[in-house]
Amino acid sequence: MGGCGNLFFTLVITFSAALITYNIIISANASLKQEFPGLSNPSSSSIKFKSAPSFSVDPIIKMPTELPSSKKKSKRLFHTAVTASGSIYNTWQCRVMYYWFKKQKDEPNSDMGGFTRILHSGRPDRFMDEIPTFVAQPLPDGMDQGYIVLNRPWAFVQWLQQADIQEDYILMSEPDHILVKPIPNLSRDGLGAAFPFFYIEPKKYETVLRKFFPEKYGPITNVDPIGNSPVIVGKESLRKIAPTWMNVSLAMKKDPEADKAFGWVLEMYAYAVASALHGVGNILYKEFMIQPPWDTAIGKAYIIHYTYGCDYDLQGKLTYGKIGEWRFDKRSYDNVWPPRNLSMPPNGVPESVVTLVKMVNEATANIPNWGS
């Protein structure tokens, strides 16, 4: 009986050991065939891997880098930023500009992300709920020397330091820009994308510019013929450029020779210099925007910049330099809101001007409480 009991006990021990060994083997193999939570439905997966796993993976398992959804081209969104003073003149333009931003933002071929009006009056206004706004402080009294545009680089410095900007790129735009179609991210390979201005001539003013762009930084051709707007540039690049842009602007304004040479486009030259000092070149896009009345067709342009007055006689002939029988000039509304339903230009006026007036009229017709 004792021998039988010992034999039975030995068999139980042997069977138990075999069972434990079998379970260990099964468990070890099974773990290689399990999918990560959610991978059976990739679109619902919330798993994010900070680095590649250090273990080898069974071919049955699809890692995130192999999923079809990861092969889609990711958008390179940019944040649109517009500086404004808070005047009626700037405000009505910003409201029109933001209306068209919202219309174009989600259209095909758009890389447009968020929008911010950088209000450098130092105080909130009643349009904060209508337009996403960051309130920046103006320069100390007297520092702008009557040239209010000097507040622009200082406003950008504050915004870039204090705001939570989700996008990796910035489009610097202006209140008097109307977006005629959605804008893709035109910047590439660490270069900005900018519009070339015919009146920004670094070579012509090389002697003056060398005060701010010493020869050790390279040929004067490194300074692109641009302003700060329209420009699409990497956010981190702009964070470096902006303080230099501000300091160069102030230094140029204090320099009588530079102030006389550059006049009302001084801040534009300062941005071009600051960008070059930081080694950020720009792809020049002539078709980035048009400027009526000189540009007569929309073509492939993304932006209408209505900086110039448009004056025509009733036969549709341009009378630039002389107030026309029909006119649209933003300066006519420096202290008053433009009325709704502006009169359309006469027959013969080019497409660019007709489109501009139509787009202003559509915006003012649909913006609530216009003129109040």
Side-chain angles (χ1 to χ4, degrees), residues 77-107 110-138 148-149 151-167 169-183 185 228-233 235 238 242 289 302-307 330-331 333-342 356-372:
L77 298 179
F78 57 81
H79 194 103
T80 300
V82 179
T83 57
S85 66
S87 64
I88 291 176
Y89 180 67
N90 268 178
T91 301
W92 71 256
Q93 293 172 42
C94 281
R95 295 182 80 189
V96 171
M97 198 271 185
Y98 186 56
Y99 172 86
W100 284 105
F101 169 88
K102 291 187 294 181
K103 293 258 306 189
Q104 307 294 3
K105 178 180 182 294
D106 296 322
E107 293 296 311
S110 166
D111 285 323
M112 299 158 65
F115 183 99
T116 299
R117 176 183 60 145
I118 307 175
L119 185 62
H120 54 73
S121 62
R123 57 186 181 276
D125 66 7
R126 57 196 173 93
F127 299 101
M128 304 282 287
D129 292 334
E130 178 182 325
I131 309 173
T133 300
F134 173 88
V135 178
Q137 296 303 310
I148 194 172
V149 184
N151 284 284
R152 182 178 292 158
W154 172 224
F156 266 104
V157 168
Q158 295 173 72
W159 178 64
L160 289 162
Q161 288 179 345
Q162 300 173 32
D164 180 18
I165 307 163
Q166 297 297 310
E167 298 83 359
Y169 298 85
I170 308 295
L171 165 62
M172 291 183 284
S173 192
E174 295 186 14
D176 60 351
H177 286 178
I178 289 183
L179 310 187
V180 294
K181 64 182 179 182
I183 305 177
N185 190 337
N228 81 290
S229 173
V231 170
I232 301 175
V233 64
K235 178 174 61 180
L238 188 56
M289 72 178 186
Y302 297 98
I303 296 171
I304 294 177
H305 182 207
Y306 54 100
T307 190
K330 65 179 183 177
R331 295 164 192 82
Y333 308 104
D334 57 349
N335 289 309
V336 296
W337 295 81
R340 283 175 165 157
N341 196 27
L342 294 167
L356 166 61
V357 178
K358 282 182 177 179
M359 295 184 80
V360 170
N361 280 345
E362 179 180 329
T364 60
N366 288 283
I367 296 173
N369 303 313
W370 180 258
S372 61

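Note that these values count all heavy atoms, side chains included, but never hydrogens, waters or copies made by symmetry.
- Annotation: the span from M359 atom CE to I178 atom CD1 amounts to 5.5 Å, rounded to 0.5 Å.
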Quick one, W92 with V336, criterion side chain to side chain contact (heavy atoms under 4.5 Å, CB included). Give me CA distance, side-chain angles, the key distance, then yes/no. CA-CA 9 Å; W92 71 256; V336 296; over 6 Å; no
Can you check side chain to side chain contact (heavy atoms under 4.5 Å, CB included) on H79 and W159, steps first, answer last? CA-CA 12 Å; H79 194 103; W159 178 64; 3.6 Å; yes
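- N151 places a side-chain N or O within donor-acceptor distance of the main-chain N or O of I148, the cut-off being under 3.5 Å.
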What's the verdict on side chain to side chain contact (heavy atoms under 4.5 Å, CB included) for R331 and T307, showing C-alpha distance, side-chain angles and the deciding distance? CA-CA 9 Å; R331 295 164 192 82; T307 190; 3.9 Å; yes
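- Residues A363 and V96 approach most closely at CB-CG1, 3.9 Å, considering heavy atoms.
- When the shell of 6.0 Å around CZ of R123 is examined, it contains 12 or fewer heavy atoms from other residues, nucleotides or ligands.
- A donor-acceptor contact closer than 3.5 angstrom links the side chains of Y99 and E362.
- Nearest approach of L160 to A242, heavy atoms of both residues: CD1-CB, 3.7 Å.
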Between K103 and N366, does a side chain to side chain contact (heavy atoms under 4.5 Å, CB included) hold up when you go through it step by step? CA-CA 12 Å; K103 293 258 306 189; N366 288 283; over 6 Å; no
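- Between atom CE of residue M97 and atom OH of residue Y306 there is a gap of 9.5 Å, rounded to the nearest 0.5 Å.
- Interatomic distance, CE of M128 versus CG of L119, reported as 7.0 Å (0.5 Å rounding).
- Using a distance-only test at 3.5 Å, with no hydrogens or angles considered, a donor-acceptor pair links the side chain of W370 to the main chain of P338.
- Using bins of under 30°, 30° to 60° and over 60° for the plane-to-plane angle, the ring pair Y98/F101 lands in the parallel bin.
- In terms of heavy-atom proximity, H177 sits nearest to S229 at CE1-OG, 3.3 Å.
- You'll find the side chain of Q166 reaches within 4.5 Å of the side chain of D164, heavy atoms only.
- Within the 3.5 Å criterion, the main-chain N or O of L342 finds a donor-acceptor partner in the side chain of N361.
- Under the 4.5 Å side-chain criterion, counting only non-hydrogen atoms from C-beta, W337 is in contact with R95.
- One finds no salt bridge joining R117 and E130 here, because no Lys/Arg side-chain nitrogen approaches an Asp/Glu carboxylate oxygen to under 4.0 Å.
- Side-chain atoms of T364 come within 3.5 Å of backbone atoms of V360 as a donor-acceptor pair (strictly under, hydrogens ignored).
- With hydrogens and angles left out, the side-chain atoms of H120 and T83 include no donor and acceptor closer than 3.5 Å.
- E107 and K181 are not joined by a salt bridge, as no carboxylate oxygen comes within less than 4.0 angstrom of a charged side-chain nitrogen.
- For the atom pair CE (M289) and CG (L179), the distance works out to 12.0 Å, reported to the nearest 0.5 Å.
- In terms of heavy atoms, G122 sits closest to V135 at C-CG1, 3.5 Å.
- When side chains are defined from C-beta on, I183 counts as touching I232, because their heavy atoms get closer than 4.5 Å.
- K102 NZ: more than 12 foreign heavy atoms inside a 6.0 Å radius.
- Proximity of L238 to M172: side-chain heavy atoms (C-beta onward) are separated by under 4.5 Å at one or more points.
- Separating the CD atom in E174 from the CG atom in N228 is a distance of 6.5 Å, to the nearest 0.5 Å.
- The side-chain heavy atoms of L171 and M112, taken from C-beta on, include no pair separated by under 4.5 Å.
- Contact annotation: the side chain of C94 approaches that of P175 to within less than 4.5 Å [non-hydrogen atoms, C-beta and beyond].
- Side-chain atoms of Y333 and P339, non-hydrogen and from C-beta on, do get closer than 4.5 Å to each other.
- Closest heavy-atom contact between S85 and S121: O-CB, 3.3 Å.
- By the 4.5 Å heavy-atom criterion applied to side chains, F156 and I118 are counted as neighbours.
- Here the side chain of K235 pairs a donor or acceptor atom with the backbone of E167 at under 3.5 angstrom.
- Here OG of S173 is found 8.5 Å from NE2 of H305. Values are rounded to the nearest 0.5 Å.
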